[in-house]
Engineer: 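Structure incoming, see below.
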Amino acid sequence: MTPVFQCGAHRLPLDRPYVMAIINTTTDSFSGDGMAGHLDQALSRARRAIAEGADILDIGGESTRPGAESVAEAEELRRVVPLVEALSDLGVPISVDTSKTGVMREALRAGASLINDINALLAPGAEALVAESDCGLCVMHMQGVPRSMQHAPAYQDVVAEVTSFLDERCAALNARGVDNARICIDPGFGFGKMLEHNLALFEAIGTFAERAPVLVGVSRKAMIGALTGLDVAHRSTPSAVAALAAALRGAAILRVHDVAETVSALRIWQSLGDTKRLLAAANKQ
């Protein structure tokens with residue numbers, strides 16, 4: 001029986017990787033695509049992402065790039081909740097990227113079905129809130145806080161330490177009554193990690209996937225720039241390749257800016273993995 005990832009009313013069979021589209025409603029996104037105060041633009045971006053093949057929309061109202069300052073809860077609510085309400089009837093899970101319990105509460109009321117928290121639901125009241133719902137949860141590892149997390153992060157064994165943290169957080173949610181079918185994990189690429197840490201975690205995606213569905217978010221990040229020498233405006237193609245590499249290692253959800261490129265890469269991989277079927281179809285034409 002195929003396992004599923006449950007996000008509220010949405011049940012995602014884990015028999016293929018899912019594409020999560022990043023919809024930023026911030027003023028200071030590292031990738032330059034923030035749309036704070038422009039609901040129509042954000043709606044258009046979200047609808048285009050679905051048309052391009054996105055399976056999940058991830059709405060974020062606070063930048064978590066290195067060096068980012070926190071946003072007041074009232075401002076984050078203003079950026080996020082109207083967009084969630086407007087998108088909640090489009091037939092795909094709506095994820096909200098937040099660490100604030102108050103934003104989680106209002107987003108769930110507005111129709112969100114997945115909470116994607118870089119702080120692993122450690123905020124006061126967050127565990128109790130999500131335990132009372134049926135939403136999906138993404139638990140991420142981060143060393144430090146966004147403002148200072150890239151100031152010389154250090155590990156003895158990054159894979160072991162990240163694994164231990166994620167295991168502890170999943171166990172805490174289980175103790176609250178949250179079923180494992182509602183939980184996915186994110187190693188936190190770029191969140192308090194240097195390039196060598198990111199590469200070690202990427203190599204270990206399959207190991208993480210033995211524990212829970214894995215969300216991988218490396219789209220346009222500094223590690224892509226470090227590996228290619230490209231600035232953020234020119235990282236779409238290598239980001240799609242990195243997403244495909246993550247899928248090959250067992251990632252369940254690929255969090256990306258460039259939906260069309262990622263979906264196309266996955267389709268080519270999936271199609272060419274079944275060349276006998278393609279040949280049979282071609283011979284019938």
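Along the sequence shown, residues carry numbers from 1.
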Engineer: Return the set of residues passing side chain to side chain contact (heavy atoms under 4.5 Å, CB included) with Leu87 (not counting sequence neighbours), or none when no residue passes.
Structural biologist: Leu43, Ala46, Leu57, Ile59, Leu83, Leu90, Ile94
Engineer: Can you tell me if Gln150 uses its side chain to pair, donor with acceptor, with the backbone of Gly192 under 3.5 Å?
Structural biologist: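 Yes; judged by distance alone, with no hydrogens or angles, the pair exists.
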Engineer: Tell me the closest heavy-atom pair linking Ala242 and Val218, and the distance in Å.
Structural biologist: CB-CG2, 3.8 Å
Engineer: Pairs in or reaching into residues 3-12: which pass side chain to side chain donor-acceptor pair (under 3.5 Å), with residues at least two apart or in two chains?
Structural biologist: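 Passing the test, one end in residues 3-12: no pairs.
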Engineer: Side chains of His257 and Ser239: closer than 4.5 Å at any heavy-atom pair?
Structural biologist: no
Engineer: Considering only NZ, NE, NH1 and NH2 on the basic side and carboxylate oxygens on the acidic side, decide whether Arg79 and Glu76 come within less than 4.0 Å.
Structural biologist: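 Answer for the salt bridge query: no.
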Engineer: Roughly how far, to the nearest 0.5 Å, is SG of Cys135 from CG of Leu137?
Structural biologist: 4.5 Å
Engineer: List the residues meeting side chain to side chain contact (heavy atoms under 4.5 Å, CB included) with Glu196, not counting sequence neighbours, and say none if there are none.
Structural biologist: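 Side chain to side chain contact (heavy atoms under 4.5 Å, CB included) check on Glu196 returns Met194.
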Engineer: Is there a path of hydrophobic side-chain contacts, each under 4.5 Å between heavy atoms, that joins Val19 and Phe5?
Structural biologist: no
Engineer: Hydrophobic clusters here meaning ILVMFWY residues chained together by side-chain heavy-atom distances under 4.5 Å, can you tell me if Val216 and Leu195 are in one?
Structural biologist: yes
Engineer: Scan for ring-ring contact (aromatic ring centres under 6.0 Å, His included) pairs involving residues 198-256, sequence neighbours excluded, and state none if there are none.
Structural biologist: Phe189-Phe202
Engineer: List the steps and the verdict of side-chain contact (heavy atoms from CB on, under 4.5 Å) for Ile115 and Leu108.
Structural biologist: CA-CA 8 Å; Ile115 298 297; Leu108 291 172; 4.2 Å; yes
Engineer: I'd like to check the side chain to side chain donor-acceptor pair (under 3.5 Å) partners of Ser236; sequence neighbours left out, ordered by chain and number.
Structural biologist: Asp258
Engineer: Is there a side-chain contact between Asn174 and Asn180 in this structure, where contact means two heavy atoms from C-beta onward sitting under 4.5 Å apart?
Structural biologist: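 Of all side-chain heavy-atom pairs linking Asn180 with Asn174, at least one is under 4.5 Å.
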Engineer: For the atom pair CD (Glu106) and CD (Glu73), what is the distance rounded to the nearest 0.5 Å?
Structural biologist: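 Spacing of CD (Glu106) from CD (Glu73) equals 8.5 Å.
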Engineer: Taking Ser44 for the side chain and Asp40 for the main chain, is one N or O donor matched with an acceptor at less than 3.5 Å?
Structural biologist: no
Engineer: Using the side chain to side chain donor-acceptor pair (under 3.5 Å) criterion, which residues pair with Thr262? Sequence neighbours excluded.
Structural biologist: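 Thr262: no side chain to side chain donor-acceptor pair (under 3.5 Å) contacts found.
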Engineer: Shared ILVMFWY cluster between Leu114 and Val178, side chains joined below 4.5 angstrom?
Structural biologist: no
Engineer: Search all heavy atoms of Ala200 against all heavy atoms of Val158 and return the closest pair with its distance.
Structural biologist: CB-CG1, 3.8 Å
Engineer: Which residues pass the side chain to side chain contact (heavy atoms under 4.5 Å, CB included) test with Ser70, not counting sequence neighbours?
Structural biologist: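 Once residues adjacent in sequence are excluded, the partners of Ser70 under the side chain to side chain contact (heavy atoms under 4.5 Å, CB included) criterion are Glu62, Lys100.
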Engineer: Please identify each residue that fulfils salt bridge (charged side-chain N to carboxylate O under 4.0 Å, His left out) with Arg211, with sequence neighbours left out.
Structural biologist: Asp167
Engineer: Could you grab the distance from atom OG1 of Thr163 to atom CG of Leu201, nearest 0.5 Å is fine?
Structural biologist: 8.0 Å
Engineer: Output side-chain donor-acceptor pairs under 3.5 Å for residues 243-256, partner residues at least two apart or in another chain, one line each.
Structural biologist:
from   : atom 1 : to     : atom 2 : distance (Å)
Arg249 : NH1    : Ala245 : O      : 3.3
Arg255 : NE     : Asp58  : OD2    : 2.7
Arg255 : NH2    : Asp58  : OD2    : 3.1
Arg255 : NH2    : Asp97  : OD2    : 3.2

Engineer: Residues two or more places apart in sequence or in another chain: which of them pass side chain to side chain donor-acceptor pair (under 3.5 Å) with Arg169?
Structural biologist: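 Result, side chain to side chain donor-acceptor pair (under 3.5 Å) vs Arg169: Glu127.
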Engineer: Measuring from atom OG of Ser264 to atom CH2 of Trp269, what distance do you get when rounded to the nearest 0.5 angstrom?
Structural biologist: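 It comes to 14.5 Å.
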Engineer: Rounded at 0.5 Å granularity, tell me how far OG in Ser133 sits from CZ in Arg105.
Structural biologist: 11.5 Å
Engineer: Go through Ser99 and Asp117 one step at a time and tell me if the side-chain hydrogen bond (donor to acceptor under 3.5 Å, both in side chains) criterion holds.
Structural biologist: CA-CA 5 Å; Ser99 296; Asp117 184 4; 2.7 Å; yes
Engineer: Tell me the ring-ring contact (aromatic ring centres under 6.0 Å, His included) pairs involving residues 123-170, sequence neighbours left out?
Structural biologist: His141-Phe165, Tyr155-His197
Engineer: I'd like to know if the side chain of Arg182 and the backbone of Gly136 have a donor-acceptor N/O pair within less than 3.5 Å.
Structural biologist: no
Engineer: Could you give me the CA-CA distance, side-chain angles and deciding distance for Gln143 and Lys193, then say whether side-chain contact (heavy atoms from CB on, under 4.5 Å) is met?
Structural biologist: CA-CA 8 Å; Gln143 186 179 100; Lys193 283 97 175 174; 5.8 Å; no
Engineer: Distance from Ile23 atom CD1 to Gln41 atom CD, nearest 0.5 Å?
Structural biologist: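 CD of Gln41 is found 12.0 Å from CD1 of Ile23.
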Engineer: On a heavy-atom basis, which atom in Ala260 and which in Glu52 lie closest, and how many Å separate them?
Structural biologist: N-OE1, 3.6 Å
Engineer: List the steps, then state whether side-chain contact (heavy atoms from CB on, under 4.5 Å) holds for Leu12 with Ile56.
Structural biologist: CA-CA 10 Å; Leu12 307 181; Ile56 306 167; 4.0 Å; yes
Engineer: For Arg16 and Asp55, work out which heavy atoms get closest and say how close.
Structural biologist: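 Shortest heavy-atom separation between Arg16 and Asp55 comes out as NH2-OD1, 2.9 Å.
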Engineer: Minimum heavy-atom separation for Ala126 and Leu121, please, with both atom names.
Structural biologist: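 Scanning both residues, the minimum pair turns out to be CB-O, 3.9 Å.
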Engineer: Applying side-chain contact (heavy atoms from CB on, under 4.5 Å) to Val159 and Thr207, what does each step give before you reach the verdict?
Structural biologist: CA-CA 9 Å; Val159 173; Thr207 301; 5.5 Å; no
Engineer: Side-chain heavy atoms nearer than 4.5 Å, only ILVMFWY residues, links allowed to pass through others: does that put Leu173 and Leu215 together?
Structural biologist: no
Engineer: Could I get the full list of side chain to side chain donor-acceptor pair (under 3.5 Å) partners for Arg47, not counting sequence neighbours?
Structural biologist: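 Arg47 satisfies side chain to side chain donor-acceptor pair (under 3.5 Å) with no residue once adjacent residues are dropped.
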Engineer: Is it true that Leu166 and Val130 fall in one hydrophobic cluster, defined by side-chain heavy atoms closer than 4.5 Å?
Structural biologist: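 Looking at the clustering, Val130 is in the same group as Leu166.
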Engineer: Tell me, do Gln270 and Pro17 make a side-chain contact under 4.5 Å, heavy atoms counted?
Structural biologist: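 Yes. Closest side-chain heavy atoms under 4.5 Å.
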Engineer: So, for Ile185 and Cys170, which heavy atoms are closest and what is the spacing to 0.1 Å?
Structural biologist: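 Closest heavy-atom pair between Ile185 and Cys170: CG2-SG, 3.7 Å.
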